[in-house]
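A short write-up of the structure that comes next.
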Amino acid sequence: MTSEPLSLAHALASFDALWSPRIVTAVNDYDVRVAKVEGEHIWHVHDHTDEFFLVLEGELRIALREPAGERTVVLPRGSVFTVPRGTEHKPSAPAGASILLFEPTGTLTVGDHHDAVPSHVDATTGHALR
């Protein structure tokens with residue numbers, strides 16, 4: 001982490017990998033991550049933490065499996081949404097998007113329980129920004 005201001009646009013321009021977040025800073029025991037996304041992620045759940053999403057560019061969709069049934073939230077640029085802990089969800093971005101995530105350090109991108117992980121999804125706790 002750096003003690004200097006960081007441009008999110010510069011951070012996003014520093015990598016091309018999709019569904020492979022980069023850690024831009026930390027706040028207490030939480031990582032602030034940015035990611036480029038396109039297509040579909042996988043159904044997964046985080047048992048012990050909420051997951052915060054901020055859409056920086058594009059549009060993100062998050063399918064949710066809730067007690068009342070399945071629904072999809074649509075997040076245009078500038079929108080935020082928090083997936084509550086224990087909620088099965090699947091992010092997607094048909095036309096591509098850039099997002100910011102806020103979650104506890106060490107949180108796996110594919111959650112605690114998940115579908116099979118395809119090759120286009122990086123099962124990681126985040127990569128250092130270079």
(Q) Would you say CG of D29 has more than 12 non-hydrogen atoms from neighbouring residues, nucleotides or ligands within 6.0 angstrom? (A) no
Q.
Tell me if a side-chain donor or acceptor on R33 pairs with a main-chain N or O of T125 at a distance below 3.5 Å.
A. yes
Q: Give the cluster check for F52 versus I99: same hydrophobic cluster or not, with ILVMFWY residues linked at side-chain heavy-atom distances below 4.5 Å.
A: no
Q) Are any non-hydrogen side-chain atoms of T107 and L101 less than 4.5 angstrom apart? A) no
(Q) Is there a continuous path of hydrophobic side-chain contacts, each under 4.5 Å between heavy atoms, that joins W19 to L75? (A) yes
Q: With sequence neighbours left out, write down each residue that passes salt bridge (Lys or Arg N to Asp or Glu O under 4.0 Å) with E59, or none if nothing qualifies.
A: R61
**Q.** Side chain R22, main chain H127, donor-acceptor under 3.5 Å
**A.** no
**Q.** Rounded distance [0.5 Å steps], CG in D50 versus CZ in R85
**A.** 4.5 Å
Q.
What I'd like to find out is whether the side chain of E57 reaches to under 4.5 Å of the side chain of L12, using heavy atoms alone.
A. no
Q: Please confirm whether the backbone N or O of T124 pairs with a side-chain atom of T109, one donor and one acceptor, at under 3.5 Å?
A: yes
Q) L108 and A123: which non-hydrogen atoms are nearest, and at how many Å? A) CD1-C, 4.1 Å
Q) Rounded to the nearest 0.5 Å, how far does OG1 of T72 lie from CG of L64? A) 7.0 Å
Q) When clusters are formed by joining ILVMFWY residues with side-chain heavy atoms under 4.5 Å apart, either directly or through shared neighbours, do L8 and L54 land in the same one? A) yes
Q.
Strictly by ring pair (Phe, Tyr, Trp, His ring centres under 6.0 Å), give each pair with a member in residues 88-117 just once, sequence neighbours left out.
A. Y30-F102, H44-H89, H46-H89
Q | H41 side chain vs V110 backbone, donor-acceptor pair below 3.5 Å | A | no
Q) Are V45 and L60 in one and the same hydrophobic cluster, where Ile, Leu, Val, Met, Phe, Trp and Tyr link if side-chain heavy atoms are under 4.5 Å apart? A) no
Q | Check: S20 and F15 side chains under 4.5 Å, non-hydrogen atoms | A | no
Q) What is the distance from atom CG of L129 to atom NE2 of H10, rounded to the nearest 0.5 Å? A) 8.0 Å
List the atom pairs, with distances to 0.1 Å, where a side-chain N or O of residues 76-84 and a protein N or O form a donor-acceptor pair under 3.5 Å, not counting sequence neighbours.
| unit_1 | atom_1 | unit_2 | atom_2 | d |
| --- | --- | --- | --- | --- |
| R77 | NE | L56 | O | 3.2 |
| S79 | OG | P76 | O | 3.0 |

Q) Closest heavy-atom contact between S98 and K36? A) OG-CG, 4.3 Å
Q: Determine whether V55 and V34 fall in the same hydrophobic cluster, where Ile, Leu, Val, Met, Phe, Trp and Tyr are linked whenever their side-chain heavy atoms lie under 4.5 Å apart.
A: no
